[in-house]
Amino acid sequence: MKLPNFLCPKHKCELIRLGQKNDGGYSIPKKSLENSEFIFGFGLSDDWSFEKDFRKLSGAKVVCYDLSVNGKYWIIRFCKDLINMLLLRKGIFSSLKRFFTYFKYKLFFDGKNKIHEKKIIAPINQRIHGIDRSNITDLNQILSEKDNFNFFLKVDIEKHEYRILEQIIKYEERLTGLAIEFHDCDLHFEKIKNFIDNFKLQLVHVHINNYGDIDSSGFANVIELTFSPQNYNILREKKDNKFPVAGLDQPNNKNINDEIIIFE
C-alpha cells in the first residue's frame with residue numbers, strides 16, 4: 001500500500017504496543033508511560049484495552065470521552081448478543097465474551113481514577129445536528145478545568161480529528177505522546193502534512209488500518225500515526241524505514257495481512 005513521502009517518519013524512539021490484539025492496539029513511546037499523569041482517550045466504543053494497559057503500566061489517571069457509549073448503546077448491544085447466542089450465529093465463546101462486556105466496562109470505569117465522560121469531542125462553538133451543546137467538549141474546555149499536568153492523548157473520533165488539530169498543537173508542551181487515527185486521508189493529506197510540519201512532537205511511527213479503503217491511486221485512506229516528544233527521539237536511518245514493523249504492528253483486520261508500505 002502507498003502513502004505520501006511526508007508520512008515516512010524521520011525520527012524513532014523505543015516503542016511499545018498497548019491494547020488488545022489487532023484493532024484497538026497502538027504503538028507508543030515507552031517513555032510516555034514514565035511521564036504521564038493523565039491519559040485522555042478520545043473515542044471509546046466497546047474497547048478500552050489501550051487505556052487499561054496504559055493505566056496498568058503508568059499509574060496515570062484515565063479519562064475517556066465518547067457520547068455514543070450510553071444506556072441505549074448497551075441495551076441494543078445486549079439484545080443483539082443475546083439473539084446471536086440463542087441462534088448460534090457466532091462461536092459461543094466470542095458471543096459470551098461480548099455479552100459480558102458491559103460488566104467489564106462497569107468494573108473498569110470506577111468514576112475515580114478511570115472515568116468515562118459521555119461527551120463528544122469537537123470545538124465547543126461547533127453546532128452538530130441532533131447533539132446538545134452541553135454534550136460537546138474539547139481540549140480547551142477539558143484543560144481549563146484542571147491544573148497543569150503532563151498527559152498522553154489517544155484520538156480515534158471518526159473524522160472529527162481534523163477539527164481539533166490546532167488545539168493539540170496549542171497544548172504540545174504538555175503532551176507526553178500522541179496516537180491518532182486519520183480518516184479519509186485522500187481528502188485531507190494537506191491538512192495532515194500541515195499538522196506534522198507545525199507540531200513540535202515528531203512522527204515516529206505509521207501504520208495503515210487495513211479496514212480502510214484504498215483510493216484510485218493506491219493510497220491508503222485510514223492511517224494511525226504516533227508522535228513522540230523530541231527528547232525521546234533520535235534520527236531514523238533509511239534501513240529503519242520498513243513498515244509495518246515485525247513484532248510490533250498487527251493488522252486491524254486479523255483476516256487480512258498488513259501489506260508493506262511504499263512511500264511515494
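Side-chain atoms are counted along with the backbone in the values below, which use heavy atoms only and exclude waters and symmetry mates.
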J.: Quick one: are Ile223 and Leu7 in side-chain contact, heavy atoms under 4.5 Å?
T.: yes
J.: Would you say the side chains of Asn150 and Thr176 form a donor-acceptor pair under 3.5 Å?
T.: no
J.: Examine the side chains of Glu158 and His160 and answer whether a donor and an acceptor come within less than 3.5 Å of each other.
T.: no
J.: Any salt bridge linking Glu37 with Lys61? Criterion: basic side-chain nitrogen under 4.0 Å from a carboxylate oxygen.
T.: no
J.: Would you give the length of the straight line joining atom NZ of Lys193 to atom CG of Asn198, rounded to the nearest 0.5 angstrom?
T.: 9.5 Å
J.: Measure up the Phe149 and Phe151 rings against each other and bin them: parallel (under 30°), tilted (30 to 60°), perpendicular (over 60°).
T.: perpendicular
J.: Cation-pi between Lys114 and Phe108: NZ/CZ under 6.0 Å from ring centre and within 45° of the ring axis?
T.: yes
J.: Could you label the plane-to-plane angle of the Phe50 and Phe152 rings as parallel, tilted or perpendicular, counting under 30° as parallel and over 60° as perpendicular?
T.: tilted
J.: Does Asp53 have any side chain to side chain donor-acceptor pair (under 3.5 Å) partners at least two apart in sequence or in another chain, and if so, which?
T.: none
J.: Less than 4.0 angstrom from a charged side-chain N to a carboxylate O is my criterion; do Asp240 and Arg236 meet it?
T.: no
J.: Linking Ile, Leu, Val, Met, Phe, Trp and Tyr through side-chain heavy atoms less than 4.5 Å apart, which residues share a cluster with Ile131?
T.: Leu67, Ile120, Ile128, Ile136
J.: Do the side chains of Val204 and Leu15 get nearer than 4.5 Å, heavy atoms only?
T.: yes
J.: Under the side-chain hydrogen bond (donor to acceptor under 3.5 Å, both in side chains) definition, can you give me all pairs with a residue in residues 125-135, not counting sequence neighbours?
T.: Asp132-Ser134
